[in-house]
Trainee: 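Pasting a structure below so you can have a look.
Numbers restart at 1 for each chain; the letters A, B, ... are given by sequence-line order, proteins then strands.
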Protein chains: 2
Amino acid sequence: MSKPSGHMQLFLKGRLRHAMSDHEKTLLENIIDDVERLPDGTCILERGKLANRSTLLVDGFIARVIEDGGNRNIVGVQVPGDFVDLHAFALKRLDHDVVTVGPSMVAYVTHAALAEVVATEPHLTRLLWFSTLLDAAIHREWILKLEQLRAGERLAHMICELWHRLNFVDLADSHGFNMPLLQTHLANACGTTAVHINRVIKSLRSQGLLELNRGRVTIPDREALERYAHFTADYLYGHGTLFLDPRTEVETD
Amino acid sequence: MSKPSGHMQLFLKGRLRHAMSDHEKTLLENIIDDVERLPDGTCILERGKLANRSTLLVDGFIARVIEDGGNRNIVGVQVPGDFVDLHAFALKRLDHDVVTVGPSMVAYVTHAALAEVVATEPHLTRLLWFSTLLDAAIHREWILKLEQLRAGERLAHMICELWHRLNFVDLADSHGFNMPLLQTHLANACGTTAVHINRVIKSLRSQGLLELNRGRVTIPDREALERYAHFTADYLYGHGTLFLDPRTEVETD
DNA sequence: GGATAAACTTAACCTATGTCAATCGAGGCA
DNA sequence: TGCCTCGATTGACATAGGTTAAGTTTATCC
């Protein structure tokens with residue numbers, strides 16, 4: 001219940017944050033309603049429940065989970081700076097659960113405040129909209145990887161993606177990153193089983209492509225891993241990638 | 001190049017269209033810039049290309065395609081009434097190609113006109129935003145189905161989804177629907193091969209769950225097919241489903 | 001510091017699906 | 001009418017990955 005400050009700093013960092021005016025930045029800071037620390041496994045928003053606020057992930061990891069006949073399935077992963085359930089502003093009810101993985105910190109913004117932004121700040125509205133579509137682009141890449149890659153490549157692809165997304169918000173270093181996802185989670189998100197993901201990790205390890213232990217991911221040679229995973233970062237719309245040309249972007253609307 | 005009329009009638013039909021005022025409906029009709037008939041296989045918008053207009057699918061089918069080392073992969077399918085690349089308004093460049101499947105008819109809206117809507121019509125803006133998030137919800141369900149269903153169930157799931165989406169816009173009947181997708185397309189969208197999808201079709205056919213020929217899908221017992229596919233329509237946010245309660249929706253914002 | 005539980009690891013076996021190769025069938029065209 | 005092409009279909013074989021079940025390591029807690 002502390003009065004917040006600076007919690008929006010990571011929002012769209014590495015992407016379109018530079019297109020945000022100072023006015024817009026402080027506006028976003030000011031509409032934060034509350035900040036909270038949450039333990040591992042907290043369900044922030046439940047499938048089908050009416051939402052009247054949205055959540056920005058400040059620290060930690062969050063998974064989008066769809067339960068289906070006993071199985072928990074991870075259909076998305078969010079990292080700090082992600083407005084994890086901004087979707088719920090336009091959708092009102094989500095089709096999935098939003099759950100912390102590891103201890104996390106979040107900031108809340110009421111939908112009333114967001115409605116005010118939409119009514120008065122068209123440019124900022126477009127940036128908020130953009131951030132939700134970024135998730136959709138990531139979803140599409142997951143579909144692609146599930147359709148055509150084998151388990152090892154899928155895992156490698158996911159690790160590459162996480163590295164880049166964490167790198168946008170300065171949470172990755174040249175050797176890897178920290179991550180609370182267990183092998184079960186990884187298996188889940190890659191559409192395979194814990195047993196098989198373990199086989200695959202063993203193989204990647206032996207090829208010197210990846211090291212994974214106790215919440216730490218080590219990437220000895222990122223370029224090699226990306227090649228192995230058929231990974232290209234374009235779809236993350238980061239600075240310098242094919243899809244985000246800062247000059248064009250700043251001018252538009 | 002005909003002056004258009006009525007082409008927006010299917011937009012959000014079966015979903016939140018009832019929340020749209022008459023003013024908003026005519027506004028949408030009026031910002032249509034152009035209407036066009038396109039042959040099979042036309043690429044409406046190419047990955048990475050700067051877009052200055054968005055496309056509403058009026059008639060026919062459209063696939064979202066990501067090419068990757070020779071392979072064309074379908075990561076989404078759109079049906080009439082879908083604002084297929086409204087994403088491109090906020091993203092400016094898409095991560096995938098947008099391609100017609102079978103002869104189609106589309107209507108174009110310039111981004112300048114959309115920017116005007118965002119600047120002056122907050123409620124309509126939210127509805128447009130909503131429609132893009134619907135695609136994201138569908139993407140998530142695809143991820144789920146690719147993660148946990150087997151090929152036969154995946155195909156059945158896709159057919160069920162298409163039936164419901166076409167039903168929203170009155171293009172499905174109680175026995176099935178017409179659809180230009182070939183077995184290759186279906187295989188592609190289900191993350192399997194043409195050979196295997198054929199095996200699977202044969203099996204579904206012999207179980208009396210599905211009939212498929214020359215652009216016509218026949219569903220003898222939809223309930224049985226949905227059970228087989230572990231399908232529930234909630235995630236499509238249609239009237240009467242878990243996630244869209246008209247009363248709540250109309251009031252909000 | 002030993003007990004306990006959770007996560008990780010390995011092995012043996014089996015099935016779904018990929019791959020390759022051939023054939024069939026329908027529609028378009030000379 | 002008969003050729004030609006594209007899509008659908010089938011068969012034989014190879015393999016990635018699922019399943020079950022057992023160990024092993026690591027972390028937690030008294």
Trainee: Need one value for B:Arg205: base, sugar-phosphate or nothing, where a base atom within 4.0 Å counts as base even if backbone is also close, heavy atoms only.
Mentor: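 Sugar-phosphate contact only - B:Arg205 comes under 4.0 Å of backbone atoms but never of a base.
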Trainee: So if I take residues 186-202 of chain A and measure heavy-atom distances to DNA chain C, which residues fall below 4.0 Å?
Mentor: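 Nucleic-acid contacts, sorted: A:Val195, A:Asn198, A:Arg199, A:Lys202.
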Trainee: Between C:dA6 and A:Gln183, is there an OP1 or OP2 to side-chain N/O distance shorter than 4.0 Å?
Mentor: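 No, no such contact exists.
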Trainee: Please give, in whole Å, the distance from C:dC8 C1' to A:Leu181 CG?
Mentor: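 Taking CG of A:Leu181 and C1' of C:dC8, I get 16 Å after rounding.
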Trainee: For A:His157, enumerate each residue passing the ring pair (Phe, Tyr, Trp, His ring centres under 6.0 Å) test, keeping only those at least two apart in sequence or located in another chain.
Mentor: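 A:His157 satisfies ring pair (Phe, Tyr, Trp, His ring centres under 6.0 Å) with A:Phe231 only.
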Trainee: With sequence neighbours excluded, what pairs up with B:His96 under the ring pair (Phe, Tyr, Trp, His ring centres under 6.0 Å) test?
Mentor: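 Listed in chain order: nothing, the list is empty.
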Trainee: Hey, is the side chain of B:Arg214 poking within less than 4.0 Å of OP1 or OP2 on C:dG27, counting only N and O atoms?
Mentor: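 True: B:Arg214 side-chain N/O within range (under 4.0 Å) of C:dG27 OP1/OP2.
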Trainee: Report the distance from atom CG of B:Leu146 to atom C1' of C:dT17, rounded to the nearest whole Å.
Mentor: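 It works out to 14 Å between those atoms.
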Trainee: Strictly below 4.0 Å, N to O, side chains only: are B:Asp135 and B:Arg64 in salt-bridge contact?
Mentor: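 Salt bridge: yes.
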Trainee: With a 4.5 Å heavy-atom cut-off, do B:Arg165 and B:Gln78 have their side chains touching?
Mentor: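 They are in side-chain contact.
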Trainee: Between A:Arg140 and B:Asp97, is there a salt bridge with N-O shorter than 4.0 Å?
Mentor: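 A:Arg140 and B:Asp97: not salt-bridged.
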Trainee: State, with a plain yes or no, whether a side-chain heavy atom of A:Pro180 is found less than 4.5 Å away from one of A:Asp40.
Mentor: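 The answer is no, as the side chains (C-beta and beyond) never meet within the 4.5 Å cut-off.
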Trainee: How close or far is atom C1' of D:dT15 from atom CZ of A:Arg150, stated in whole angstroms?
Mentor: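 Value for this atom pair: 10 Å.
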